[in-house]
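Just so you know, these numbers use all the heavy atoms, side chains as well, and skip hydrogens, waters and symmetry mates. Along the sequence shown, residues are numbered consecutively beginning with 1.
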Amino acid sequence: MTFLALAAAGLTALSVAPAPQAQFDFTDCPALPAAADPSQWRCEVLVSQAKLSFGRVTDLDLGTMRLTFAEGTLDGQYAQVFGALRDEPTRIPNLPGVGLRLRYAGYSDFHSTPERKGAIDLTAAFEGPLLGRACASTPVHSVLRADGPTEVVSTDPLTLRFSTTDSQLTLPATTGCGPLGRLLDHRLGLPSSGSYQQTTHVQLRSY
């Protein structure tokens, strides 16, 4: 069952304002495979607010992230094409000038089940004037599980909201951070287990 079709199967009405329309930017919708029938595909934009905990960092508010992908059928089989993950750096408390930004690490699968909303590989990139440009964790595999029902925020346009969690994250030590890498790991408490909580609004459009 596809990502949004599964969500629509168990909707709960909700009378709250949707995420601002400006955030549902479809410019990152990916090009479809050459053999794809556009009428069988749609682009989905997920706007999320999330908190991340790991090591010595607790409930780090990651702000707003926007993830875009396309899904449809190809040769009679379900298929996906990743578009983009947009995320602004989040300042880390007690580490002046150091920010964290989540980046896509080359793998995603948003084919949902009732318990599993999707999976994605991410890197936690650390940014700061004294850190190397490649300062980041190695890829982290995150499996997002449903945390409650999917809710209808708006019907025009259709906007859904749901929450997901990953309580089994493992964040490795950093690489590419230059001479301050070991100090950064010590201050962050890496490597460590971690957890991730996310609330997402989603809209879609046809190709």
Side-chain angles (χ1 to χ4, degrees), residues 19-20 22-33 43-70 80-110 117-144 164-202:
Q23 295 182 355
F24 288 103
D25 184 341
F26 287 86
T27 57
D28 286 328
C29 291
L32 300 182
C43 181
E44 300 192 19
V45 176
L46 288 71
V47 177
S48 303
Q49 290 76 40
K51 290 183 181 295
L52 176 65
S53 296
F54 62 90
R56 295 185 173 90
V57 178
T58 302
D59 290 335
L60 181 66
D61 188 345
L62 298 179
T64 299
M65 296 178 289
R66 188 175 75 245
L67 187 151
T68 307
F69 73 98
Q80 297 177 357
V81 180
F82 186 81
L85 174 64
R86 304 289 182 182
D87 180 31
E88 293 299 321
T90 298
R91 185 169 297 180
I92 300 176
N94 301 319
L95 284 178
V98 177
L100 180 151
R101 185 198 305 260
L102 294 182
R103 292 178 176 168
Y104 180 61
Y107 170 83
S108 63
D109 177 10
F110 300 112
K117 286 291 188 181
I120 188 168
D121 283 0
L122 302 165
T123 58
F126 296 95
E127 303 177 2
L130 301 179
L131 300 177
R133 292 187 177 182
C135 182
S137 70
T138 52
V140 176
H141 183 67
S142 177
V143 177
L144 297 170
T164 51
T165 62
D166 182 355
S167 60
Q168 298 181 346
L169 278 178
T170 299
L171 271 75
T174 59
T175 63
C177 299
L180 294 181
R182 294 182 66 180
L183 176 60
L184 179 65
D185 288 342
H186 174 73
R187 294 289 298 274
L188 293 173
L190 294 177
S192 78
S193 58
S195 64
Y196 183 84
Q197 299 87 37
Q198 177 173 274
T199 299
T200 298
H201 291 75
V202 57

Trace of the side-chain contact (heavy atoms from CB on, under 4.5 Å) decision for Ile92 with Leu188: CA-CA 9 Å; Ile92 300 176; Leu188 293 173; 4.1 Å; yes
Taking 4.0 angstrom as the limit, do Arg66 and Asp28 come out as a salt bridge?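 Yes, charged N to carboxylate O under 4.0 Å.
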Report the distance from atom [atom1] of [X] to atom [atom2] of [Y], rounding to the nearest 0.5 Å.
{"X": "Arg56", "Y": "Asn94", "atom1": "CZ", "atom2": "CG", "answer": "11.5 Å"}
{"X": "Gln198", "Y": "Leu144", "atom1": "CD", "atom2": "CG", "answer": "6.0 Å"}
{"X": "Phe126", "Y": "Thr175", "atom1": "CZ", "atom2": "OG1", "answer": "10.5 Å"}
{"X": "Leu46", "Y": "Leu67", "atom1": "CG", "atom2": "CG", "answer": "6.0 Å"}
{"X": "Asp166", "Y": "Ile120", "atom1": "CG", "atom2": "CD1", "answer": "11.5 Å"}
{"X": "Glu44", "Y": "Phe26", "atom1": "CD", "atom2": "CZ", "answer": "9.0 Å"}

According to the ring pair (Phe, Tyr, Trp, His ring centres under 6.0 Å) rule, which pairs have a member within residues 45-64, sequence neighbours left out?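 Pairs touching residues 45-64 that pass the test: none.
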Check side chain to side chain contact (heavy atoms under 4.5 Å, CB included) between [X] and all other residues, then give those that pass, not counting sequence neighbours.
{"X": "Thr170", "answer": "none"}
{"X": "Asp59", "answer": "Lys51, Ser53, Gln197"}
{"X": "Asp87", "answer": "Met65, Arg101, Leu102"}
{"X": "Pro33", "answer": "Ala36, Trp41, Leu74, Val81"}

Among all residues two or more places apart in sequence or in another chain, which pass the side-chain hydrogen bond (donor to acceptor under 3.5 Å, both in side chains) test with [X]?
{"X": "Arg91", "result": "none"}
{"X": "Ser192", "result": "none"}
{"X": "Ser193", "result": "none"}

Enumerate the residue pairs fulfilling salt bridge (charged side-chain N to carboxylate O under 4.0 Å, His left out) with a member in residues 191-201, sequence neighbours excluded, ordered by first and then second residue.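 Sorted pair list comes back empty.
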Thr64 and Val47: CA distance, side-chain angles, deciding distance, side-chain contact (heavy atoms from CB on, under 4.5 Å) verdict: CA-CA 7 Å; Thr64 299; Val47 177; 3.6 Å; yes
Side-chain polar contacts of residues 129-141 - donor-acceptor pairs under 3.5 angstrom, sequence neighbours left out - could you list them?
residue	atom	partner	partner atom	Å
Ser137	OG	Ala124	N	3.0
His141	ND1	Asp121	OD1	2.6

Kindly write out the residues that satisfy ring pair (Phe, Tyr, Trp, His ring centres under 6.0 Å) with Phe82, not counting sequence neighbours, or none if the list is empty.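 Result, ring pair (Phe, Tyr, Trp, His ring centres under 6.0 Å) vs Phe82: Tyr104.
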Not counting sequence neighbours, list each pair that qualifies as a side-chain hydrogen bond (donor to acceptor under 3.5 Å, both in side chains) and has a residue in residues 176-186.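 Matches after skipping sequence neighbours: Thr174-Asp185.
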Is the closest side-chain heavy-atom distance between Thr68 and Cys29 below 4.5 Å?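 Thr68 vs Cys29: side chains touch.
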Are Leu169 and Ser142 side-chain neighbours, meaning at least one heavy-atom pair lies under 4.5 Å?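 Contact flag for Leu169/Ser142 side chains = yes.
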Residues, nucleotides or ligands: over 12 heavy atoms within 6.0 Å of Asp61 CG: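 Atom CG in Asp61 is crowded, with more than 12 foreign heavy atoms closer than 6.0 Å.
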